[in-house]
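In this chain, numbering begins with 1 at the start of the sequence shown.
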Amino acid sequence: MQSDFLEYLASKGILRDQQAFEGRPQTQRLDANEDADWLSLTKLTPTAFAAELAAFYACPRVQRADLVGDRFAGSTLSLRFLKEGHLFPYADAQGQLTLAIATPIDAETLRAVEVALRQKMPLAVATNDDLDAALATTQSASAIASEPSEAVAASSDDLDDLRDLARGAPVVRALDDLMRLAVDQRATDLHIEPFAGALQVRLRIDGLLKAVPAPPMSMAKGLLSRLKIMAGLNITERRLPQDGRTHINVAGAEIDLRVATIPTAHGESAVIRLLRKGSGLVALNQIGLSARDDRILRSALQLPFGMIIVTGPTGSGKTTTLAASLAELNEPTRKVLTVEDPIEYQIPGINQVQIHPTIGLTFAAALRSFLRQDPDVIMVGEMRDAETAHMGVHAALTGHLVLTTLHTNTAAGAITRLIDMGVESFLLASSVKVLIGQRLVRTLCRDCKQSHELTLQDLAQDTRYEALGFSKGDIVYHPKGCEWCGFTGFRGRQGVFELLEVSTAIREAIGPKTDSAELEAVARREGMTTMAEDGIAKCRAGHTTIDEVFRVTMSL
């Protein structure tokens with residue numbers, strides 16, 4: 001059935017790599033895609049993919065509301081099996097036992113579910129997000145409840161003692177539960193922090209930290225020792241900060257972990273960055289660009305040479321914007337090379353290189369070798385130093401389209417930053433085509449957000465509304481909170497952007513003493529909207545709140 005579904009997608013012309021698929025022999029067409037991210041094989045949005053899957057199976061398309069409450073009917077099946085198979089058995093409104101799926105199901109898996117539940121299972125289709133959220137609500141977060149203290153804290157830093165402690169079943173189980181909870185709740189970071197008499201665990205979800213139930217303090221040393229062993233760090237060194245990497249598999253998803261430890265007054269604290277390998281690509285029309293900004297960026301992506309720079313702080317979605325742009329450029333007629341740290345999105349058809357500074361493979365070294373690989377498009381994960389910046393600019397001037405990122409506060413600030421790094425202003429004026437500044441705002445949960453018509457009292461109580469152009473009778477939206485969004489009122493994030501096109505007027509304004517405020521003033525006269533203004537437009541559209549815009553832009 002999986003191969004039939006792939007043929008079905010191909011017949012409709014919606015595979016991302018349609019030509020390569022049609023060129024394979026019939027017997028090799030499914031190939032390694034049986035365990036692939038099916039959505040990433042297509043050009044579809046998650047909602048459109050679910051609609052096609054429902055059409056293929058001729059079954060109902062169910063929404064989140066259909067899976068709410070006590071309808072879960074898979075208690076005899078392991079949650080791990082259900083998560084890895086993207087399955088959710090539930091009782092529908094008429095009490096009929098139904099199996100919700102998010103990807104095509106093979107006959108053996110369907111038969112196994114029917115045997116376990118002792119009856120035939122009609123199918124229904126949900127999006128992956130809806131199904132994952134339904135499974136997450138069935139798994140109580142109390143799985144991380146305190147263990148009886150088998151894992152007594154080691155009284156010494158002896159290597160063998162620490163290893164024994166790290167391998168103890170309670171410590172292994174506690175850390176596994178924390179990782180699973182972080183993945184289930186879409187966390188980007190897991191913080192493990194010891195304080196006087198208690199261990200604190202927090203998850204960064206949609207940009208904000210959230211406390212979750214923590215193991216007992218007696219496990220602190222064991223948890224840190226296990227993390228260090230996994231990441232290849234020195235488990236006996238507790239006086240110095242350390243950084244390492246590893247990867248794990250959670251519910252069928254491969255997760256890269258970046259582990260950073262630091263000594264504190266009450267013991268070692270650790271932050272684990274979670275990066276999902278093979279995350280589904282976000283299409284360029286889904287990242288939140290306005291019509292004007294989308295048109296300018298798409299035009300720049302079709303240029304044969306030049307540089308496109310995305311700016312913003314760490315965690316502002318720059319890599320997602322670049323990955324969406326690369327997906328637009330990913331055609332058999334183009335040679336695309338990327339150098340990244342780390343590779344967050346794996347894109348079929350693109351040559352992606354992971355840097356390894358310890359063996360000399362830096363951004364600059366990779367970029368130097370790229371120029372001998374006959375590329376059309378080069379993506380540099382970050383302009384970290386003057387050498388990389390100079391090489392990127394010269395690549396953009398010699399017939400290559402270069403996409404990269406910089407850590408600056410505004411789009412215009414990228415020019416002054418590159419000048420500070422020693423790049424000549426006349427080279428920037430010739431090579432840079434588009435500058436993008438961005439931040440991420442939390443998106444209101446579509447299931448529970450509440451509309452509100454502004455009154456004169458609202459305008460008097462919060463003067464920001466009137467200052468930003470809102471008036472009596474305008475509709476805004478507020479968060480409420482439900483089980484799907486973890487009772488926060490928000491689920492997911494969306495970009496707010498400012499896109500500066502390097503026009504003739506901008507090129508003339510770029511000089512050795514260029515001030516970013518001057519460039520921004522010229523760009524505003526030519527129609528550029530700031531991140532704050534883009535955020536306000538998203539408030540009016542019901543995507544976010546005014547508080548979110550103020551929180552991330554800080555410029556109003």
Side-chain angles (χ1 to χ4, degrees), residues 64 79 83 129-130 132-146 173-217 219-220 223-224 227 248 250-251 253 255-262 264 266 268-276 279 313-317 320 439-450 477-495 543-545 547-552:
R64 291 185 185 185
L79 283 174
K83 288 176 182 177
D129 278 352
D130 287 355
D132 286 347
L135 286 168
T137 58
T138 67
Q139 182 179 19
S140 172
S142 63
I144 306 175
S146 300
R173 194 180 310 121
L175 187 58
D176 286 351
D177 286 342
L178 287 174
M179 294 294 185
R180 190 172 293 110
L181 182 64
V183 172
D184 287 344
Q185 298 204 12
R186 305 174 294 106
T188 55
D189 299 88
L190 168 63
H191 295 242
I192 301 175
E193 305 159 313
F195 291 98
L199 190 64
Q200 176 175 269
V201 175
R202 294 186 290 177
L203 303 177
R204 189 173 293 279
I205 303 170
D206 294 334
L208 295 182
L209 286 170
K210 169 189 172 183
V212 296
M217 185 64 177
M219 285 190 183
L223 289 171
L224 264 295
L227 271 174
I248 59 173
V250 177
I255 312 293
D256 277 334
L257 304 180
R258 286 192 285 180
V259 179
T261 67
I262 191 169
T264 68
H266 301 286
E268 282 186 289
S269 174
V271 176
I272 303 100
R273 169 67 55 91
L274 295 93
L275 300 164
R276 289 154 182 79
S279 299
T314 300
S316 59
T320 300
R439 299 288 189 278
L440 292 175
V441 292
R442 291 186 296 167
T443 305
L444 285 164
C445 175
R446 68 183 186 190
D447 289 336
C448 66
K449 67 180 180 181
Q450 294 181 317
Y477 291 81
H478 295 306
K480 179 185 176 183
C482 65
E483 62 181 347
W484 297 111
C485 59
F487 299 97
T488 63
F490 297 92
R491 183 176 175 86
R493 289 188 289 177
Q494 187 177 42
H543 299 314
T544 190
T545 66
D547 291 326
E548 276 296 293
V549 176
F550 268 80
R551 181 177 68 83
V552 302

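In this structure, Asp177 CG and Asp184 CG are separated by 10.5 Å, a value rounded to the nearest 0.5 Å. The distance from atom CG of Leu224 to atom CD of Glu268, rounded to the nearest 0.5 Å, is 5.0 Å. We find the CG-CG distance between Asp130 and Leu135 to be 11.0 Å, quoted to the nearest 0.5 Å. With rounding to the nearest 0.5 Å, the separation of CZ in Arg273 from OG1 in Thr314 is 7.0 Å. Atom-to-atom distance recorded for Leu203:CG and Gln185:CD is 6.0 Å, nearest 0.5 angstrom.
Counting heavy atoms from C-beta on, the side chains of Val552 and Leu440 never come closer than 4.5 Å. With a 4.5 Å cut-off on side-chain heavy atoms, Leu274 and Leu257 count as touching. Side-chain contact between Pro215 and Leu175 is absent, with no heavy-atom pair separated by less than 4.5 Å. When side chains are defined from C-beta on, Pro194 counts as touching Thr264, because their heavy atoms get closer than 4.5 Å. The closest side-chain heavy-atom distance from Thr544 to Arg551 is not below 4.5 Å. Looking at Ile272 and Leu178, their side chains never come closer than 4.5 Å, going by heavy atoms from C-beta outward. Counting heavy atoms from C-beta outward, Met179 and Ile248 have side chains that approach closer than 4.5 Å.
The nearest pair of heavy atoms linking Ala211 to Arg202 is CA-CG, 3.9 Å. Across Ser269 and Glu193, no two heavy atoms sit closer than the pair OG-CG, 3.6 Å. Closest heavy-atom contact between Tyr477 and Leu444: CB-CD1, 3.5 Å. Across every non-hydrogen atom of Leu275 and Arg258, the tightest pair is CD1-NE, 3.7 Å. Summarising the geometry of Thr488 relative to Pro479, their closest heavy-atom pair is O-CB, 4.1 Å, with the distance given to 0.1 Å. Considering every non-hydrogen atom in both Gly481 and Cys485, the closest pair reads CA-SG, 3.8 Å.
Judged as a side-chain contact (heavy atoms from CB on, under 4.5 Å), and not counting sequence neighbours, the contacts of Asp206 are Arg186, Arg442, Arg493. Evaluation of the side chain to side chain donor-acceptor pair (under 3.5 Å) rule for Asp176 yields no partner, not counting sequence neighbours.
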Open item on the list: If you apply the rule side chain to side chain contact (heavy atoms under 4.5 Å, CB included), what do you find for Leu199 with Leu223, and how did you get there?
Closed with: CA-CA 11 Å; Leu199 190 64; Leu223 289 171; 3.8 Å; yes
